[in-house]
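Here is the structure we will look at, set down as structure tokens.
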Amino acid sequence: MNLSPSDVADPPVPAAPVTGRALPNGLAAFLVFFSSGAVLVLETVALRLVGPYVGVTLQVTSSVIGIALAAIAYGAWAGGRLADRRDPRPLLAPALVLAGIATAVTLPVVRYAGEVLRGGAASAILLLVALAVFVPALLLSAVTPLVVKLQLADLRRTGQVVGRLSSIGTLGGITATLSTGFVLVAALRSTVILLALAIALGVTGLVLGWYLHRQGVVELPGRGRTKAALAVLGLLGAGLSTVAPNPCDIETAYHCAKVEVDSSRSTGRTLLLNSAQHSYVDLADPRHLEYAYTKWFGAVADVAAPAGRRLDALHLGGGGFTVPRYLTATRPGSDNLVFEIDGGLIELGERELGVRQGPDLRAVAGDARLLVAAEADESRDLVVGDAFGHLVVPWHLATREMMAEVRRVVRPSGVYVQNVIDYPPLRFIRSELATVAAEFRHVALIAPPEAIIGEQGSNFVVVASDAPLPLEAIRKRLAEVDVRAVLIAEAELDEFVGEALVLTDDYAPVDQLLATA
């Protein structure tokens with residue numbers, strides 16, 4: 001008898017090998033959501049953990065992302081491999097408990113290692129970030145493939161199961177990223193976030209193990225001594241976290257901040273942000289300028305408006321509010337408006353650095369690039385650029401488009417001064433000078449002579465105006481406040497700048513220009 005193809009039944013699709021009962025869908029979804037979210041909490045907090053020791057630069061951010069992705073990749077591979085070789089159920093609870101222990105140990109490890117690995121060397125950055133992220137992220141990333149394996153009871157639903165759990169894991173990561181960035185970091189210290197995460201992971205693992213045992217599915221592996229050792233290790237990590245060296249007095253939304261008393265000047269205070277000296281103020285004498293670059297700022301301000309004559313000044317970056325307090329003290333009636341992105345620093349300044357807001361000094365929390373756009377045309381006699389992310393001028397405050405906004409706000413006879421930090425071969429300061437000169441007609445540079453010839457790194461102060469600068473008057477005032485400072489302009493400045501890149505919103509490789517190698 002002849003049969004047509006339509007008369008022949010399709011061959012049956014073999015079912016996937018089943019290792020045991022699948023987890024309830026809700027539990028499986030929770031484990032994937034929670035473990036994936038925990039990885040992103042670690043990744044976000046890691047940047048704050050390592051920042052005080054290696055800075056918060058593009059290289060550090062890239063390292064955190066890269067190391068976290070490497071941990072996710074290796075964890076997913078290891079989890080999938082184990083799931084194919086063993087029953088995944090006995091592995092789930094230990095993975096969560098071990099991840100909790102690793103998270104608890106992370107904080108003291110990073111803080112002790114950070115004291116040794118301080119600096120911006122690439123090897124130090126990568127090693128410190130790996131210590132902060134890799135092990136707990138790897139353990140957590142192994143959870144998803146273990147859960148997926150348990151839920152694959154039928155090859156005909158493989159795509160549906162994998163797709164659903166993958167989307168749930170992604171949603172967990174998104175939720176954790178937004179919650180950490182918008183809520184947790186602003187409300188809690190990094191120590192609290194990490195310890196809370198470690199406890200949550202440990203408790204989840206123990207509850208999961210108890211649940212699976214109650215279901216008659218599995219018992220937590222390991223001898224009593226092993227379990228006790230793990231418990232002791234977790235407690236030890238939590239204990240060390242409380243005594244590990246902490247570089248912060250306060251953690252704001254953007255900085256690890258600390259205020260130190262000057263041992264040689266009882267009223268002197270130094271503000272450290274991410275362990276780098278940022279500002280110095282004298283609580284009893286706001287006229288006192290300690291750092292060289294603040295003296296240069298003061299010298300330019302003194303020439304632009306002699307003491308006693310009011311100024312309308314705009315400050316891009318507040319920090320310790322050294323220069324706003326100086327102008328307030330030396331020029332009563334001045335209007336000092338400060339744009340500071342970190343509201344926590346404003347509160348710290350009011351609490352510990354002698355900042356008193358009023359008609360002559362107002363601070364607004366927000367990004368200077370956005371806030372300056374709302375300022376009226378030709379409304380300021382002096383604009384002071386002193387905003388930094390660690391030791392780097394934020395790239396969006398260094399571009400020609402930003403300089404155009406500053407020029408719009410400065411009065412025709414007004415002055416713009418900007419603090420820049422750079423190191424040999426001085427590529428960034430040259431580019432920033434070229435960028436400022438693309439908008440302002442007259443530009444000058446103040447720095448130590450050794451820095452100008454490329455022998456050392458330093459602060460540099462850019463001075464710019466649409467009106468001719470009173471160069472000789474500035475030089476005379478500089479000689480009175482800092483004999484080491486020199487001012488270059490005109491042909492000498494053109495030779496220094498050369499063919500440097502003009503930075504734009506489309507292309508501003510600030511971190512790369514600052515790289516010393």
Side-chain angles (χ1 to χ4, degrees), residues 3-44 65-99 133-180 197 200-201 204-205 207-209 211-212 215-218 221:
L3 297 175
S4 66
S6 60
D7 295 324
V8 180
D10 292 334
V13 178
V18 179
T19 57
R21 284 183 293 169
L23 297 175
N25 286 335
L27 177 58
F30 167 77
L31 291 175
V32 170
F33 185 93
F34 178 61
S35 59
S36 299
V39 172
L40 270 296
V41 173
L42 282 168
E43 182 178 341
T44 305
I65 296 171
I67 295 294
L69 288 174
I72 292 170
Y74 280 110
W77 173 81
R81 188 175 177 85
L82 284 171
D84 283 341
R85 293 188 170 191
R86 298 181 56 181
D87 183 353
R89 291 168 299 171
L91 303 175
L92 284 170
L96 291 169
V97 171
L98 288 172
V133 174
F134 192 81
V135 173
L138 183 148
L139 290 166
L140 288 166
S141 299
V143 170
T144 295
L146 293 173
V147 172
V148 168
K149 177 71 174 190
L150 286 172
Q151 304 309 100
L152 291 177
D154 188 339
L155 283 179
R156 290 171 296 186
R157 298 181 59 249
T158 299
Q160 179 182 341
V161 171
V162 173
R164 183 175 68 86
L165 291 176
S166 295
S167 68
I168 289 171
T170 301
L171 287 174
I174 293 171
T175 303
T177 300
L178 296 178
S179 299
T180 306
L197 179 62
L201 289 168
T204 301
V207 171
L208 177 63
Y211 168 80
L212 293 175
Q215 297 297 312
V217 176
V218 71

Closest non-hydrogen atom pair between Ser36 and Thr144, with its separation: OG-OG1, 3.9 Å
Return the minimal non-hydrogen interatomic distance between Ala137 and Ser141, and the atom names on each side. O-OG, 2.8 Å
First locate atom CD1 of Ile67, then atom CG of Leu138, and finally report the distance between them rounded to the nearest 0.5 Å. 12.0 Å
Go through the steps to decide whether Leu201 and Leu139 satisfy the test side chain to side chain contact (heavy atoms under 4.5 Å, CB included), and finish with yes or no. CA-CA 11 Å; Leu201 289 168; Leu139 290 166; over 6 Å; no
Side chains of residues 165-178: which donor-acceptor pairs under 3.5 Å do they make with residues two or more places apart or in other chains?
residue, atom, partner, partner atom, Å
Ser166, OG, Val162, O, 2.8
Ser167, OG, Gly163, O, 3.3
Ser167, OG, Arg164, O, 2.7
Thr170, OG1, Ser166, O, 3.0
Thr175, OG1, Leu171, O, 2.8
Thr177, OG1, Gly173, O, 2.8

Phe134 and Ala70 have their tightest heavy-atom pair at CE1-C, 4.1 Å
Audit row: Leu146, Leu31, side chain to side chain contact (heavy atoms under 4.5 Å, CB included) steps and yes/no: CA-CA 10 Å; Leu146 293 173; Leu31 291 175; over 6 Å; no
Contact summary for Ala95 and Val143, nearest pair of heavy atoms: CB-CG2, 4.2 Å
Polar side-chain atom of Gln151 near backbone of Ala22 as donor-acceptor pair, under 3.5 Å: no
List the steps and the verdict of side chain to side chain contact (heavy atoms under 4.5 Å, CB included) for Phe34 and Leu140. CA-CA 9 Å; Phe34 178 61; Leu140 288 166; 6.0 Å; no
Between Asp84 and Lys149, does a side chain to side chain contact (heavy atoms under 4.5 Å, CB included) hold up when you go through it step by step? CA-CA 8 Å; Asp84 283 341; Lys149 177 71 174 190; 3.1 Å; yes
Nearest atoms (heavy-atom pairs only) where Leu208 meets Ala93: CD2-N, 3.9 Å
What is the minimum heavy-atom distance between Pro145 and Ala76, and which atoms define it? CG-O, 3.5 Å
Do Leu40 and Thr180 come within less than 4.5 Å of each other through their side chains, counting heavy atoms only? no
Can you tell me how far apart CG (Leu23) and CZ (Phe30) are? Round to the nearest 0.5 Å. 12.5 Å
